[in-house]
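What follows is a set of notes on a single structure, which appears directly below.
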Number of protein chains: 2
Amino acid sequence: MKTIEKYLTDSGIKPSYQRIRILSYLMNKKNHPTVEMIHKELLHDIPTLSKTTVYNTLKQFVEKGITQIINIEDNKTRYDADISTHGHFKCLNCNKVYDFRFDNKNLEISDIEDFDFLQTHLYIKGICNECKYLLNTKN
Amino acid sequence: MKTIEKYLTDSGIKPSYQRIRILSYLMNKKNHPTVEMIHKELLHDIPTLSKTTVYNTLKQFVEKGITQIINIEDNKTRYDADISTHGHFKCLNCNKVYDFRFDNKNLEISDIEDFDFLQTHLYIKGICNECKYLLNTKN
DNA sequence: TACATTATTATAATCGTTACAAAATTACAA
DNA sequence: TTGTAATTTTGTAACGATTATAATAATGTA
Ligand SMILES: [Mn+2]
Ligand SMILES: [Mn+2]
Ligand SMILES: [Zn+2]
Ligand SMILES: [Zn+2]
């Protein structure tokens with residue numbers, strides 16, 4: 001609890017109640033939520049929470065570099081408080097988004113060697129293990 | 001010209017005039033256009049072209065597997081008639097989207113080894129060579 | 001030609017997101 | 001503490017990309 005406030009302060013963000021709760025949600029759930037998911041969930045505890053506040057807060061988190069945007073969906077943005085470079089796998093059956101690690105340093109890339117790389121996003125879509133099992137036992 | 005019609009037919013798509021023109025645009029320009037870009041450009045030649053037709057056509061192309069969706073932008077969808085697995089680099093200065101090749105086979109991925117992979121999207125953002133040069137000479 | 005099927009178009013509706021201004025909260029000096 | 005300025009949150013309206021719907025046009029076929 002205390003650590004999250006300090007993390008916000010150190011990042012140049014005043015630790016308001018809403019901001020603390022939204023960041024806690026991201027850090028604890030680790031579910032790459034949409035704005036809708038965060039708002040719906042926190043509304044139970046904070047009945048006055050505005051969706052605009054969720055949007056504003058996430059925008060600020062991204063600007064201050066403590067949250068990254070995950071664009072694995074066609075339409076809606078997902079957010080991740082894990083700002084390390086890691087990959088995301090979306091299961092096309094259950095729609096869950098999984099983290100995975102990949103060797104960013106040894107990516108063998110051609111054609112754009114001299115460009116300046118600032119962000120790397122690796123998205124893989126397919127069927128997760130759980131669904132593979134479920135789909136097999138069904139048939 | 002003839003080849004595009006055959007390509008559509010072989011993919012199970014009736015080669016209407018609009019579909020031929022939209023696919024030609026994708027294949028010739030290779031610029032990962034948005035719906036807006038395609039519509040605006042083709043409107044010069046086909047003044048009656050509806051934006052809905054562009055949407056419908058691209059949806060069909062994706063369903064039939066002859067076009068892939070590029071989600072490198074936050075808000076709008078881009079399309080690519082090159083359905084091979086390749087990476088995309090977006091320059092944060094000039095907003096151009098470049099193709100690049102990467103070694104998909106030798107990607108070193110942990111944690112999700114047993115999942116079924118269906119699509120792999122590698123997006124890198126940064127500054128392209130052209131802009132690097134321009135930005136340097138400016139200062 | 002006559003009729004059924006398919007494709008295209010125009011328009012309205014939807015949905016995620018952003019803009020804006022009012023209300024609430026917080027910071028701080030008198 | 002009190003008054004006032006600055007910041008944060010909220011509600012509502014506006015926006016832009018996309019989808020749904022229904023009418024019109026084009027195409028295929030008997
Ligand atoms: Mn993640
Ligand atoms: Mn491409
Ligand atoms: Zn799954
Ligand atoms: Zn550039």
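Convention: sequence-line order gives letters A, B, ...; per-chain numbering from 1.
Side-chain contact between B:Met37 and B:Asn31 is present, with heavy atoms from C-beta onward closer than 4.5 Å. For the pair B:Ile22 and B:Val54, the minimum side-chain heavy-atom distance is below 4.5 Å. Looking at heavy atoms from C-beta onward, B:Ile38 lies in side-chain contact with B:Leu42 at the 4.5 angstrom threshold. Counting heavy atoms from C-beta on, the side chains of A:Ile66 and A:Leu23 come closer than 4.5 Å. Considering only heavy atoms from C-beta on, B:Pro33 comes within 4.5 Å of B:Leu26 through its side chain. Between B:Asn93 and B:Leu134 the shortest side-chain heavy-atom distance does not fall below 4.5 Å. At a threshold of 4.5 Å between non-hydrogen side-chain atoms, the residues B:Tyr17 and B:Ile46 count as touching.
Among residues at least two apart or in separate chains, side chain to side chain donor-acceptor pair (under 3.5 Å) pairs with a member in residues 59-68 of chain A are A:Arg19-A:Gln60. Residue pairs satisfying the ring-ring contact (aromatic ring centres under 6.0 Å, His included) criterion with at least one member in residues 45-66 of chain A, sequence neighbours excluded, are absent. Within the structure, side chain to side chain donor-acceptor pair (under 3.5 Å) contacts touching residues 34-43 of chain B (residues at least two apart or in different chains) are B:Lys29-B:Glu41, B:Glu36-B:Lys51.
A salt bridge links A:Lys132 and B:Asp116; the closest N-O separation between the charged side-chain nitrogens and carboxylate oxygens is under 4.0 Å.
Contacts of A:Asn56 classified as side-chain contact (heavy atoms from CB on, under 4.5 Å), with partners at least two apart in sequence or in another chain: A:Thr52. For A:Lys125, there are no salt bridge (Lys or Arg N to Asp or Glu O under 4.0 Å) partners at least two apart in sequence or on another chain.
Shown for residues 38-63 of chain A: residues whose heavy atoms fall under 4.0 angstrom of DNA chain D, namely A:Thr48, A:Leu49, A:Ser50, A:Thr52, A:Thr53, A:Asn56. DNA chain D is contacted by B:Lys76, B:Thr77 of residues 67-79 of chain B, taking any non-hydrogen atom closer than 4.0 Å. A heavy atom lying under 4.0 Å from DNA chain D marks none of the residues of residues 21-34 of chain A.
A:Tyr25 and A:Arg21 share no donor-acceptor pair across their side chains, judged by distance under 3.5 Å alone.
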At a cut-off of 3.5 Å, list every protein nitrogen or oxygen paired with a nitrogen or oxygen from nucleotides 23-29 of chain C, distance to 0.1 Å.
none

- prompt: After noting the C-alpha distance and the side-chain angles of A:Tyr123 and B:Leu122, does the key distance pass the side chain to side chain contact (heavy atoms under 4.5 Å, CB included) rule?
  reply: CA-CA 6 Å; A:Tyr123 299 131; B:Leu122 179 54; over 6 Å; no
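As judged by a 4.0 angstrom heavy-atom cut-off over every strand, A:Glu36 is placed among residues making no nucleic acid contact.
Between A:Phe89 and B:Phe117, the ring planes are tilted. Angles from 30° to 60° get that label.
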Side-chain donor-acceptor contacts of residues 94-101 of chain B below 3.5 Å, not counting sequence neighbours, with atom names and distances?
{"unit_1": "B:Asp99", "atom_1": "OD1", "unit_2": "B:His32", "atom_2": "NE2", "d": "2.9"}
{"unit_1": "B:Asp99", "atom_1": "OD1", "unit_2": "B:His86", "atom_2": "NE2", "d": "2.9"}
{"unit_1": "B:Asp99", "atom_1": "OD1", "unit_2": "B:His88", "atom_2": "NE2", "d": "3.1"}
{"unit_1": "B:Arg101", "atom_1": "NE", "unit_2": "A:Asp111", "atom_2": "OD1", "d": "3.3"}
{"unit_1": "B:Arg101", "atom_1": "NE", "unit_2": "A:Asp111", "atom_2": "OD2", "d": "3.0"}
{"unit_1": "B:Arg101", "atom_1": "NH2", "unit_2": "A:Asp111", "atom_2": "OD1", "d": "2.5"}

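Bounding nucleotides for the chain B contact on DNA chain D, 5' to 3', at a heavy-atom distance below 4.0 Å, are D:dA17 to D:dA20.
When the local axes at the two ends of the helix from C:dT1-D:dA30 to C:dA30-D:dT1 are compared, using 5 base pairs at each end, they differ in direction by 10° after rounding to 10°.
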